[in-house]
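Before any comments, here is the structure.
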Number of protein chains: 2
Amino acid sequence: METTATRTADTCAGPPQGDRRPDGQDMYTISEVVALTGLSAHTLRWYERIGLMPHIDRSHTGQRRYRNRDLDWLALVGKLRLTGMPVADMVRYAELVRAGDHTYAERFALLKATREDVLARIAELQGTLAVLDRKIDFYADAGRALASERSR
Amino acid sequence: METTATRTADTCAGPPQGDRRPDGQDMYTISEVVALTGLSAHTLRWYERIGLMPHIDRSHTGQRRYRNRDLDWLALVGKLRLTGMPVADMVRYAELVRAGDHTYAERFALLKATREDVLARIAELQGTLAVLDRKIDFYADAGRALASERSR
DNA sequence: TAGGACCTTGGAGTGCGCTCCAAGCAAGCG
DNA sequence: CGCTTGCTTGGAGCGCACTCCAAGGTCCTA
């Protein structure tokens with residue numbers, strides 16, 4: 001029952017990602033994808049040129065027709081982008097997916113390394129938050145001191 | 001007792017930041033600052049050119065001599081950089097500091113806004129972490145499925 | 001006093017991630 | 001039919017944050 005699911009590991013690991021998209025016959029023009037993802041059409045075409053996207057279907061006149069799995073992929077790319085992962089690394093991951101099932105181990109390792117990066121970045125930000133909070137407290141105190149000085 | 005401290009709010013809000021630096025007569029060449037901060041000398045000079053640094057003292061022959069307060073400032077800049085704050089925004093903050101005490105309110109607001117940004121970014125990263133974890137679980141399961149398939 | 005490490009400057013160059021442009025094709029509408 | 005809107009392409013351009021270069025001055029040690 002789940003052996004075929006290995007083929008779609010990088011587009012639907014788990015339930016279908018939640019985002020709205022009227023299932024039935026799923027096909028989206030580039031401008032629809034722009035509306036759904038917030039990316040620009042330029043960026044979508046650029047992602048394709050650099051090998052970050054899987055093959056995108058075309059209409060009989062050559063226009064792009066995105067599918068739900070492409071949107072799922074873009075959602076993942078968006079998440080990875082938030083982590084600061086370089087586009088080149090995402091392209092590497094995309095290449096592994098295209099290369100087939102024998103790259104599972106490498107993809108798995110890449111995901112786990114990325115997870116560690118994200119944890120480290122969260123820790124960094126919490127350190128920064130602490131500094132910021134100290135400074136904010138200081139400013140609040142200084143503000144009160146100035147106020148009481150003025151009223152003296 | 002604390003009224004003079006308002007003058008140093010942006011270099012030593014709280015205890016002296018912990019980082020090692022042999023107090024006494026504090027003076028550092030640019031290469032010492034490179035060693036202490038991990039920034040390049042190019043970057044340090046560039047920060048100065050764009051107005052991100054306060055005035056840096058010079059030796060009688062014109063070489064930079066950094067002081068502890070400059071290192072504290074660089075530590076703050078480093079933290080803010082981690083949050084993804086654009087350099088231009090940090091320059092703005094530096095200008096407020098140079099402008100004097102009457103910019104307290106604006107600096108305070110800027111710090112609080114930055115704090116909110118950091119919180120939002122942490123939340124984003126935690127969302128990404130959740131996606132990553134789902135994917136990692138999926139890959140782990142798929143790996144086990146493939147293994148048991150091979151052994152069948 | 002010589003040599004080498006280190007410092008100075010303005011300006012040019014780099015890498016990344018888009019962002020835009022020009023020229024042209026295709027579909028829908030009055 | 002013309003008009004508008006939307007899509008196509010390769011390639012050029014942009015903003016950011018550095019990064020480096022060339023040409024020269026300074027510091028230290030012997």
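None of these values were measured; they are calculated from a predicted model. Chain A is the first sequence line, chain B the second, and so forth, proteins listed ahead of strands; every chain is numbered from 1.
- Contact annotation: B/Thr43 does not reach the phosphate of D/dA17 (side-chain N/O to OP1 or OP2, under 4.0 Å).
- How far CD1 of B/Ile56 is from OH of B/Tyr66: 5.5 Å, rounded to the nearest 0.5 Å.
- Remark: A/Arg58, A/Gly62, A/Gln63, A/Arg64 in residues 53-64 of chain A come within less than 4.0 Å of DNA chain D through at least one heavy atom.
- Under a cutoff of 6.0 Å and an axis angle of 45°, B/Lys112 and B/Phe108 form a cation-pi pair.
- In this entry the distance linking CZ of A/Arg45 with P of D/dG6 reads 13 Å, nearest Å.
- Checking the phosphate oxygens (OP1, OP2) of D/dA17, no side-chain nitrogen or oxygen of B/Tyr47 falls inside 4.0 Å.
- Distance A/His42 NE2 to D/dG11 C1': 13 Å, rounded to the nearest Å.
- Here the NZ atom belonging to B/Lys135 is positioned 12.0 Å from the OG1 atom belonging to A/Thr114, to the nearest 0.5 angstrom.
- Taking atom CH2 of residue B/Trp46 and atom P of nucleotide D/dA17, one finds them 6 Å apart after rounding to whole Å.
- When DNA chain C is scanned in the 5' to 3' direction for atoms under 4.0 Å from non-hydrogen atoms of chain A, the outermost contacting nucleotides are C/dG17 to C/dA27.
- Position along DNA chain D of the nearest nucleotide to B/Val87 versus B/Arg49 favours B/Val87 as the more 5'-ward residue.
- Each of B/Gly84 and A/Glu32 was assigned the nucleotide of DNA chain D with the nearest heavy atom; the assignment lying further toward the 5' end belongs to A/Glu32.
- Looking only at distances, a side-chain donor or acceptor of A/Thr29 sits under 3.5 Å from a matching main-chain atom of A/Glu32.
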For residues 41-48 of chain B, dump all side-chain donor-acceptor pairs below 3.5 Å to protein atoms at least two apart in sequence or in another chain.
from: B/Thr43; atom 1: OG1; to: B/Ser40; atom 2: OG; distance (Å): 2.9
from: B/Glu48; atom 1: OE1; to: B/Arg64; atom 2: NE; distance (Å): 2.7
from: B/Glu48; atom 1: OE2; to: B/Arg58; atom 2: NH2; distance (Å): 3.3

Inset, instruction - Would you please test A/Arg107 and B/Tyr139 for side-chain hydrogen bond (donor to acceptor under 3.5 Å, both in side chains) and show each step? - result: CA-CA 9 Å; A/Arg107 283 188 245 166; B/Tyr139 266 80; 2.9 Å; yes

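- Note on B/Ser40: nothing from the nucleic acid sits closer than 4.0 angstrom, heavy atoms only.
- Heavy-atom minimum distance, B/Thr103 versus B/Leu96: OG1-O, 2.7 Å.
- B/Arg65 comes within contact range of no nucleotide atom at all, as no heavy-atom separation falls under 4.0 Å.
- The nearest whole Å value for the distance from the CE atom in B/Met85 to the C1' atom in D/dA17 is 16 Å.
- We find that CD of B/Glu48 is positioned 17 Å from C1' of D/dT19, with the value rounded to whole Å.
- A/Arg115 places no side-chain N or O within 3.5 Å of a backbone atom of B/Ile136 that could act as its donor or acceptor partner.
- Atom CD1 in B/Ile50 sits about 16 Å away from atom P in D/dG15, given to the nearest Å.
- Here the side chain of B/Arg121 pairs no donor or acceptor atom with the backbone of B/Gly84 at under 3.5 angstrom.
- Atom pair A/Ile30:CD1 and D/dT5:P shows a separation of 19 Å (rounding to whole Å applied).
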